[in-house]
Amino acid sequence: MKKVIIFGYNEYAKKIASNFKAVHEDDIRIYVINESDKNEAIADGYKSELVELDDEWLDIGQRYEISNLICFCALDDDAENVFLTISLRAEYENMHIVAIATSKDSADKLRLAGANKAIAKLETTANVIVESLEEPAIVEVMNEILSHNKELRLAEYSISSISVLKDKFLHDIDVHKEYNIIILAVSDKKMEADFTFTAEGYNHCIKEGDVLVVIGKENDLQRFEKVIE
Amino acid sequence: MAFVSKVIIDISYALQTSKSYRGVKGFFYSLLEDEAYPYKKYFDFVMMMLIVSSVMLLIRGVKYDLPLAAIYYNDYIISLIFLSEYLLRFWVHSSISQELIYQYEKDEFLGYKFRIDRAFRKIIAHKWNYVSSVYAIIDLLAIMPFFHELRILRLFILFRAFKIFRYTKSLQQFAQVLSSKKFEFFTLMVFASVMISISAVLIYIAEANNKDSAINTLFEAFYWSFVTLSTVGYGDFVPVTDLGRTVAMVIIISGIAVISFMTSIVVSAFTEQLDSIKEQKMVSDISKMKRFYLVCGYSTVSQIVTQRLQKDNMPFVIIEKDSNKLLQTGKLKIPAICADPAKHETYINYGIDMHKQVISVLCLEESDVHNIYTALTIRALRSDLKILSYLHEGRNHKKLSIAGVNNIIYPQELIGTLAREFTGKPVAFDAIDALRTQSTDVVIKELLIDERIFSSHSNVRSLDVHETKLILLGIYRDRNFLFNPKADETLCVGDILIIIGMEIMVDEYSLNLHKART
């Protein structure tokens, strides 16, 4: 189970924390830069620590296994978030950093600073607003897929050396009929953005180590997981 | 007399209750007077072309003989069209039957005998208002060439040029702006007239008896004064005496003052009226828009949302009460109104038809308090309009729901969900993100099953989706999502297919579905 650390305790950080609370309660730690945020985080039931931005962050490496850690930079100020991201990246090359930015410009800076993923609050929200005007059904469907409480969900499966799908072409697989799931995309390197949508990569040959992104209902996904592993 | 009154009232009621009479009158009223009427611009254009052709014929006729057909066209056809227009405007200006009925019912209510004379006095007063208006006088003068036997009346064709004012909004606005400075212009004219009169008399006294001077009559003295004061100074009349030259120096200085004053009046009139002109233009532009999204508040999110809407060619109108925030919209040429979106008057004043024009409303103001207030205003105006609102603080979610908001966007929730997806499934997150932001060639699109598609495709099998290298994610039906439908699933009109695929292929697939099966 991956460990989660969150920097900052604003409304966004609270939502991120609450999303992980159900499954990772013991694995979440909130790092804050002022006393009131620390008290609030502790009152909400999280482990929290007061830190300085110019810290060297050595204790994180001592406390966690970096390859098994996800770090969220959700400080209020974009400049502080960039500084934090660049400091963490300087110390830990393999750390997975997700940063929250106000705008697309700040998100670009965070990516340059070393964030694996930077989510621009304004653009993401605006996109959802426009989508719900232009294509409301798609927004509903996306919400259904992304929501934790619904039957339908997204899943990722890594192809092992003994998987039945190994060395098969995407166009040869008929999983939507057989297992009632849809393969959305395939990636050959986990945690990297390089992936191919099934819709454009029909000729992709599935290899060991590939990651399949699939959509399906819980029971069907479990059935499929057993087969490919 | 009582019998005549009764007949008149009977006719008035018959006209007022006649659908065809009201329809015809309403049509002509819209065509002639209603700026929002879509066909008015075509009528105005035709009238302007008639005016231009008429004036061109007049100019041609100065030195050359016109063919008989052109004279006939200019003197009769155009004049008759203008006469008809004049009479129609006279007719639609006020309603005689309505005035008669009003007076009759008022007298009945008060227990008086029907005072028909009083009704006619009011009718004449209303009609006289029209007849004595500047536009109506110009219209009447423009008809005069019809009586072409009176050669002098041919010159009245020139009045047709003035009619252009009626059909050109910018010229109307120009006249309106200048008329707002009537007092200043009047003061200036009085000053200029006094200066011209005094200097003309002085120059006449100084120059008239000097045989070397060209100024010999009072008219020449006035002409010289006018030309000098206007700073034109042709030089055909020149003072030769010391007194005359002194007068010339004074009047030249006065002339500069008059011209400067006049320029400043015109400039200040336009500066003062600029906002009003822009507002009028905006009202006119909005009234011409058939359907649009109403964006209440020009916050940072609104700016990005409207940029996207503009990029996707989706019509919208912004309402924001802070004029400073709207400054940017002028540069971007975005339709925006500076008014409070939470007030009923805003929608009335700007002629926004909530039922016909507004597709849905986006409450994107800076606080939940304002969004709730605006949502309630909109809900009171139209109960079934779709309202989407930005939620700033999670604790206000329920309040927005109670205010009637259909779709609440809470960014913190959104970012929290996305962050969770990234943690467990980074590739899936990127894939979903790429679909959402359309950053690759692969897109997720809606495809509506309409009557046309349904007539040749009754079930999922007949759609042949998998043959086209597209992914049918599911069917959205009655607010429910049917994931990965079976081949024998029956389709219904109104179903929305959620398709994933290369954009070009999805578009082509959509075209093929619409093409009737042979």
Side-chain angles (χ1 to χ4, degrees), chain A residues 2 4 11-12 14-16 18-20 70 72 96 98 100 103 116-117 119 121-135 137-138 140-142 144-148 152 154-156 176 180-182 184-185 187 190-193 195 197-200 202 211 213 215-217, chain B residues 293 300-301 304-305 307-309 312 314 359-360 362 364 388 390 393-394 407 409 411-432 434-437 440-442 444-446 466 469-471 473-474 476 479 481 483-484 487 496 498 500-502 505:
Chain A
K2 283 193 184 291
V4 175
E11 290 301 316
Y12 290 93
K14 282 177 195 172
K15 275 289 162 194
I16 294 169
S18 70
N19 264 299
F20 288 105
I70 296 273
F72 287 98
H96 294 300
V98 183
I100 311 297
S103 63
N116 297 73
K117 189 77 200 172
I119 303 171
K121 292 184 275 190
L122 286 172
E123 276 76 8
T124 307
T125 310
N127 272 346
V128 172
I129 290 172
V130 176
E131 274 171 19
S132 53
L133 296 176
E134 289 179 349
E135 291 175 317
I138 288 177
E140 292 275 330
V141 172
M142 288 286 190
E144 187 154 338
I145 293 169
L146 294 176
S147 170
H148 231 26
L152 205 60
L154 269 173
E156 284 183 13
H176 72 278
N180 192 30
I181 61 157
I182 287 173
L184 181 66
S187 161
K190 208 169 183 180
M191 300 307 283
E192 289 290 328
F195 63 87
F197 277 110
T198 319
E200 59 182 343
Y202 267 70
V211 178
V213 177
I215 304 173
K217 291 177 181 170
Chain B
Y293 292 99
T300 326
V301 177
I304 302 169
V305 169
Q307 276 169 21
R308 274 283 308 266
L309 291 175
D312 297 348
M314 292 171 75
I359 304 167
S360 60
L362 283 76
L364 304 177
L388 178 150
Y390 187 97
E393 291 179 49
N407 192 355
I409 306 288
Q412 286 87 340
E413 182 85 57
L414 202 66
I415 303 296
T417 311
L418 288 178
R420 189 197 61 220
E421 285 304 311
F422 179 76
T423 316
K425 296 154 265 185
V427 184
F429 176 91
D430 279 337
I432 291 289
L435 282 179
R436 276 201 139 141
T437 53
T440 65
D441 293 335
V442 177
I444 179 163
K445 281 203 168 182
E446 293 180 5
H466 296 287
K469 295 185 178 175
L470 298 173
I471 296 172
L473 194 62
Y476 192 74
R479 299 188 65 80
F481 181 57
F483 172 72
N484 191 25
I496 297 169
I498 308 292
I500 297 174
M502 303 280 280
M505 291 170 85

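Proteins get letters first, then strands, A, B, ... in listed order; numbering begins at 1 in each.
Proximity to chain A (any heavy atom under 4.5 Å) is restricted, for B:Leu414, to the side chain, taken from C-beta onward. Looking at B:Ile496, only its side chain comes within 4.5 Å of chain A, counting heavy atoms on both sides. With a 4.5 Å cut-off on non-hydrogen atoms, B:Asn484 touches chain A through its backbone and its side chain both. Interface residue B:Leu364: only side-chain heavy atoms are found under 4.5 Å from chain A. With a 4.5 angstrom heavy-atom cutoff, B:Ile444 touches chain A via backbone and side-chain atoms both.
Nearest approach of A:Asn19 to B:Gly416, heavy atoms of both residues: ND2-C, 3.1 Å. Considering every non-hydrogen atom in both B:Glu446 and A:Ile138, the closest pair reads OE2-N, 3.1 Å. For B:Phe483 against A:Asn180, the heavy-atom pair with the smallest separation is CE2-O, 3.3 Å. Of all heavy-atom pairs between B:Tyr476 and A:Glu140, the closest is OH-CG, 3.2 Å. Contact record, B:Ala431 with A:Phe197: O-CZ, 3.3 Å, taken as the closest heavy-atom pair. In terms of heavy atoms, A:Leu152 sits closest to B:Phe481 at CD2-CE2, 3.6 Å.
Partners of B:Glu393 under the salt bridge (charged side-chain N to carboxylate O under 4.0 Å, His left out) rule, at least two apart in sequence or in another chain, are B:Arg395. Partners of A:Lys14 according to the salt bridge (charged side-chain N to carboxylate O under 4.0 Å, His left out) rule, which considers only residues two or more places apart in sequence or in another chain, are A:Glu11, A:Glu40.
No other option in A:Ile100, A:Ile119, A:Leu133 has as many heavy-atom pairs under 4.5 Å with chain B as A:Leu133. Note: A:Ala137 leads A:Ser132, A:Ala185, A:Ala137 in heavy-atom pairs under 4.5 Å with chain B. Of the listed residues A:Ile129, A:Thr124, A:Ile16, the one with more heavy-atom pairs under 4.5 angstrom with chain B than any other is A:Ile129. When each of A:Val128, A:Leu122, A:Ile181 is checked for heavy-atom pairs under 4.5 Å with chain B, A:Leu122 comes out on top.
Side-chain N or O atoms of B:Glu413 include none that pairs as donor or acceptor with a backbone N or O of A:Lys15 at under 3.5 Å.
Of the inter-residue distances, the one linking B:Lys445 atom NZ with A:Glu134 atom CD reads 10.0 Å to the nearest 0.5 angstrom. Here CD1 of A:Ile215 is found 5.0 Å from CG of B:Leu473. Values are rounded to the nearest 0.5 Å.
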